[in-house]
*Asks:* 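Let me begin by handing over the structure; questions about it come next.
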Amino acid sequence: MAAALLDWFSRHKRDLPWRETYSPYHVWISEIMLQQTQMERGVDYFNRWIARFPDLTSLATAQQDEVLKLWEGLGYYSRARNLHKAAQIVMDQHGGTLPTSTEALLSLPGIGPYTARAIASIAFKQDVCVVDANVERVVSRLYDIEQPIKSRQAQEEVGKFALRLLPKGHARDFNQALMEFGSLVCSPRNPACTGCCLADFCLARKNGVQEDRPVIVKAPSPIYISMATGVLIHDGRILTQKRKADDIWGNLWEFPGGVVEAGETPGQAVIREYLEETGLIVNHPEPIASFKHSFTRYRVTLHAFRVTLLSSPEELILKAAQEHRWAGWSEIMKLAFPAGHRKLVRHLHNDSKFLAKVNP
DNA sequence: TAGTCGTGGAC
DNA sequence: TGTCCAAGACT
């Protein structure tokens with residue numbers, strides 16, 4: 001099986017930037033970026049990242065706002081915050097060189113069991129196996145594992161089988177082969193069993209249950225909510241606030257707003273949220289547009305308004321954020337926003353009548 | 001250990 | 001207002 005996989009990989013592996021030199025820094029960045037992220041999206045972010053932060057030192061010395069800006073849109077922003085923090089730890093405690101042992105890697109923020117083993121094997125060619133969603137799927141089909149794949153028992157079996165398959169000395173290629181094979185051939189839906197180089201070994205295929213492996217526990221239904229946000233212009237500048245560090249979208253910027261409560265219109269919600277979050281009294285909410293986006297289990301319709309300031313800007317007291325800024329448009333474009341607010345910014349960027357009211 | 005953390009794309 | 005999914009980590 002391992003020989004067949006390695007042969008398949010040598011013929012079908014994708015041309016990816018971090019595979020050019022396998023530098024530990026490149027491998028590390030790619031592994032963090034690809035967590036819960038599809039390959040096609042990750043490549044663009046990786047190239048922009050490396051162009052700005054070509055090495056560990058440049059990352060460690062960067063401002064967090066710029067790190068988050070380069071991550072904007074990728075989601076799971078703790079990955080970016082932890083990456084930044086870990087780079088500084090490597091500078092301080094490891095002489096600027098990424099440690100090679102899985103134990104030392106595990107101690108760095110943002111590096112868990114998967115990523116530690118991925119770096120150890122792919123960058124440092126150590127004989128350790130990785131278990132990600134692809135490996136879970138391929139192995140659970142090869143061995144027809146019937147237990148729910150996230151159960152402890154199934155996880156242990158997958159790890160055991162993966163280690164048994166691993167050809168010593170070839171972990172770099174083998175681990176990538178297993179994952180890439182899971183992504184391109186042994187896919188979640190419509191696996192390409194016809195012509196599959198492992199079909200003869202596959203118990204799930206033999207039993208005709210390949211579509212039912214791995215066994216997934218059904219995810220809970222999404223929750224639909226409405227949110228409202230307000231764009232407040234004063235003296236040609238727009239009020240933005242930086243979210244608290246430990247909350248969702250930690251350290252990203254946004255316009256004040258929040259969830260539309262029952263019995264309340266989105267316009268009323270904006271006025272209430274402004275008072276609650278900033279102490280400012282605003283009124284005359286004028287609809288701009290609505291945007292759909294989602295996060296974790298929520299599906300959001302974000303209602304955006306322009307609002308007018310009634311109170312004095314000196315009365316601003318932040319209650320839901322760590323910092324605020326009255327920003328001109330070029331500054332807005334440099335800040336990192338969550339996806340919903342980024343859609344609003346993009347919309348406003350194409351509205352010349354709106355831009356005319358704002359400082360450049 | 002179960003919940004939380006984002007997002008866009010495939011179907 | 002459909003469902004599922006992704007090279008997981010953290011608490």
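Computed from a predicted model, the values in this text were never measured in an experiment.
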*Asks:* Base, backbone or nothing for each nucleotide of nucleotides 6-11 of chain B, written B, S, -, heavy atoms under 4.0 angstrom, 5' to 3'?
*Replies:* BBBSB-
*Asks:* Does the pair Arg342(A)/Glu72(A) count as a salt bridge with the N-to-O cut at 4.0 Å?
*Replies:*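 A salt bridge is present here (some side-chain N lies under 4.0 Å from a carboxylate O).
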*Asks:* Quick one: ring-ring contact (aromatic ring centres under 6.0 Å, His included) pairs with a partner in residues 209-237 of chain A, sequence neighbours left out?
*Replies:* His234(A)-Trp326(A)
*Asks:* Between dG6(B) and dT11(C), how far apart are the P atoms? Round to whole Å, please.
*Replies:* 13 Å
*Asks:* Below 6.0 angstrom between ring centroids: does that apply to Phe291(A) and His303(A)?
*Replies:*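 Phe291(A) vs His303(A): aromatic centres not under 6.0 Å.
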*Asks:* Is the closest basic N to carboxylate O distance between Lys319(A) and Glu276(A) below 4.0 Å?
*Replies:*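 Between Glu276(A) and Lys319(A) there is no salt bridge, as every charged N stays at least 4.0 Å from the carboxylate O atoms.
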*Asks:* I'd like to know whether His12(A) forms a ring pair (Phe, Tyr, Trp, His ring centres under 6.0 Å) with Phe181(A), so could you lay out the CA-CA distance, the side-chain angles of the two residues, the decisive distance to 0.1 Å, and finally the verdict.
*Replies:* CA-CA 9 Å; His12(A) 298 285; Phe181(A) 180 80; 9.5 Å; no
*Asks:* So does Arg52(A) pair up with Glu66(A), basic N to acidic O under 4.0 Å?
*Replies:* yes
*Asks:* For a 4.0 angstrom threshold against heavy atoms of chain A, report the outermost contacting nucleotides of DNA chain C in 5' to 3' order.
*Replies:* dT1(C) to dC10(C)
*Asks:* Between Glu156(A) and Arg152(A), does any side-chain N to carboxylate O distance fall below 4.0 Å?
*Replies:* yes
*Asks:* Carefully, step by step, assess Trp249(A) and Phe295(A) under the rule ring pair (Phe, Tyr, Trp, His ring centres under 6.0 Å).
*Replies:* CA-CA 10 Å; Trp249(A) 303 302; Phe295(A) 64 93; 4.8 Å; yes
*Asks:* Do His284(A) and Thr308(A) get their side chains close enough for a donor-acceptor pair, meaning under 3.5 Å?
*Replies:*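 There is no such pair between these side chains.
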*Asks:* Base, sugar-phosphate, or nothing for Arg243(A), non-hydrogen atoms under 4.0 angstrom?
*Replies:*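 Result for Arg243(A) = nothing.
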*Asks:* Identify the two heavy atoms, one from Arg81(A) and one from Asn251(A), that lie closest to each other, and give their separation to 0.1 Å.
*Replies:*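 Taking every non-hydrogen atom into account, CD-ND2, 3.8 Å.
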*Asks:* What nucleic acid atoms does Met33(A) come within less than 4.0 Å of, heavy atoms only: base, sugar-phosphate, or nothing?
*Replies:* nothing
*Asks:* Report the residues that fulfil ring-ring contact (aromatic ring centres under 6.0 Å, His included) with Phe53(A), sequence neighbours left out, ordered by chain and then residue number.
*Replies:*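 Result, ring-ring contact (aromatic ring centres under 6.0 Å, His included) vs Phe53(A): Trp49(A).
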*Asks:* Name the nucleic acid region contacted by Glu40(A), choosing base, sugar-phosphate or nothing; use a 4.0 angstrom heavy-atom cut-off, strictly under.
*Replies:*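 No contact.
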*Asks:* Between Gln176(A) and Ala219(A), which residue's closest nucleotide on DNA chain C lies nearer the 5′ terminus?
*Replies:*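 With Ala219(A) and Gln176(A) compared, the 5'-side residue is Ala219(A).
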*Asks:* Near DNA chain C, under 4.0 Å by heavy atom, which residues of residues 134-159 of chain A?
*Replies:*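 Correct list: Asn134(A), Arg137(A).
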*Asks:* Does NZ or CZ of Arg79(A) come closer than 6.0 Å to the centre of the six-membered ring of Tyr76(A), within 45° of the ring's axis?
*Replies:* no
*Asks:* Against Gln241(A), only a single residue in Glu277(A), Glu323(A), Arg325(A) fulfils side-chain contact (heavy atoms from CB on, under 4.5 Å); can you say which?
*Replies:* Glu277(A)
*Asks:* Which whole number of Å gives the distance between the P atom of dC5(B) and that of dA7(C)?
*Replies:* 22 Å
*Asks:* Heavy atoms within less than 4.0 Å of DNA chain C: which residues of residues 120-133 of chain A have one? Give them sorted by number.
*Replies:* Asp132(A), Ala133(A)
